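What you see is a predicted model; the values in this text were computed from it and never measured. In what follows, chains are A, B, ... by sequence order, proteins preceding strands, each numbered from 1.
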Number of protein chains: 2
Amino acid sequence: MPGQKLDAIDRKILAELQRDGRMTNVELAKRVGISAPPCLRRVRTLEEAGYIRGYHAQVDVRALGFEVQVFAMVGLHSQAQADLLEFQERCDNWPLVRECHMLNGEVDFILKCVAPDLSSFQNFLTSDLLGAPNVESVKTSLVIRTSKEVPGIPFEVMEDRLSKTP
Amino acid sequence: MPGQKLDAIDRKILAELQRDGRMTNVELAKRVGISAPPCLRRVRTLEEAGYIRGYHAQVDVRALGFEVQVFAMVGLHSQAQADLLEFQERCDNWPLVRECHMLNGEVDFILKCVAPDLSSFQNFLTSDLLGAPNVESVKTSLVIRTSKEVPGIPFEVMEDRLSKTP
DNA sequence: CGTGAAACCGTCGCCCC
DNA sequence: GGGGCGACGGTTTCACG
């Protein structure tokens with residue numbers, strides 16, 4: 001499962017499905033310029049190879065009553081492998097944590113969290129996150145507004161660099 | 001477009017489509033316990049009301065050759081409304097920037113960026129981001145690994161609190 | 001919201017290059 | 001190896017009760 005065993009049609013398929021994950025296969029086939037059966041075979045192959053990890057409806061977080069979004073920068077006391085893993089598993093089990101990224105530098109993790117309101121986030125912060133073992137420090141930043149939120153990768157950039165160094 | 005004009009079936013539909021955005025309508029209808037036609041009508045309504053903002057394939061960023069992911073914390077000189085908007089528009093036009101969130105506190109924006117490799121990110125950082133007008137400071141953190149990445153909201157939490165305060 | 005019908009789509013087998 | 005053609009069964013999407 002290396003880098004570029006993908007041809008131009010595969011990349012177009014991925015770009016189209018990233019843009020509209022509910023597109024029918026015939027529509028997709030039309031857009032990438034082949035007929036439906038080979039198009040579907042390619043999609044299945046891309047799924048099985050792990051290039052496509054899933055399909056998700058993008059819901060409006062705020063409209064559904066989750067008005068608070070927070071980035072939490074977490075520092076740990078110990079960065080031993082076992083302790084990092086333990087913290088990650090803890091994050092897995094916190095539904096308010098939607099993303100957990102391990103970082104380089106002074107901060108160890110950044111978490112993207114959602115909550116219905118400030119008090120339920122504060123409750124999560126003080127009871128769960130700050131109460132977890134090995135957590136040294138947490139700095140939180142409230143999201144005031146999100147002006148851009150596009151998933152995945154910019155396929156234009158991918159095509160650009162493929163055309164420069166083929 | 002208010003808060004909870006959604007009944008239990010609508011919420012189940014949203015939860016299922018968030019989990020699997022390519023589910024067929026008949027499968028979805030079966031899962032939420034109604035027949036296909038009203039189910040499709042509900043989905044269309046949810047889309048038009050903005051609760052569903054789109055459907056996207058979740059691609060494997062690293063497997064597609066974007067091996068570098070970075071969070072960039074940006075401070076601006078001026079936080080005047082026009083200057084904030086100007087910076088947001090600039091982020092819109094940078095394909096390597098996938099998310100742009102305005103924050104409270106000392107940092108003004110957090111950007112989630114992707115890049116094929118470190119040097120192309122460094123190039124973006126020095127030429128584009130640090131070269132943009134009104135940008136005072138940028139602190140970057142490389143993502144070492146992502147251990148959790150789930151989209152949207154935790155519907156369990158939503159149901160929990162609806163059952164407590166109906 | 002459910003039923004039925006018509007059009008469309010996903011999917012398979014086969015043939016072709 | 002991958003792409004196209006044709007056909008069957010399931011699905012989407014009407015109009016109507």
Quick one: are [X] and [Y] in side-chain contact, heavy atoms under 4.5 Å?
X         : Y         : answer
Pro154(B) : Leu96(A)  : yes
Gln69(A)  : Arg62(A)  : yes
Leu142(A) : Leu103(B) : no

Distance-only, no hydrogens or angles: does the Arg11(B) side chain make a donor-acceptor pair with backbone N or O of Glu159(B) under 3.5 Å?
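Not confirmed, Arg11(B) side chain does not pair with Glu159(B) backbone.
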Is the side chain of Asn134(A) donor-acceptor paired with the backbone N or O of Ser78(A) at a distance under 3.5 Å, no angle test?
yes
Cationic N near anionic O, under 4.0 Å, [X] to [Y]:
X         : Y         : answer
Lys12(B)  : Asp7(B)   : no
Arg41(A)  : Glu48(A)  : no
Asp117(B) : Arg161(A) : yes
Glu16(B)  : Arg31(B)  : yes

In residues 37-44 of chain B, which ones come under 4.0 Å of DNA chain D, going by heavy atoms?
Pro37(B), Leu40(B), Arg44(B)
Output field dot_bracket for DNA chain C (Watson-Crick or G-U, both distances under 3.5 Å, | for other-strand pairs) contains .||||||||.|||||||
Given atom CD of Glu47(A) and atom P of dG10(C), what is their separation to the nearest angstrom?
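Rounded to whole Å, this separation is 12 Å.
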Between Ile13(A) (CD1) and dG2(D) (P), how many Å, whole number?
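The answer, rounded to whole Å, is 12 Å.
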Among residues 20-34 of chain B, which contact DNA chain C at a heavy-atom distance under 4.0 Å?
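Output list: Ile34(B).
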Say we look at dT13(D) and dT11(C): how far apart would their P atoms be, to the nearest angstrom?
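The same atom, P, in both gives a distance of 16 Å.
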For the pair Phe87(B) and Trp94(B), name the ring-plane relationship: parallel under 30°, tilted 30 to 60°, perpendicular over 60°.
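Perpendicular.
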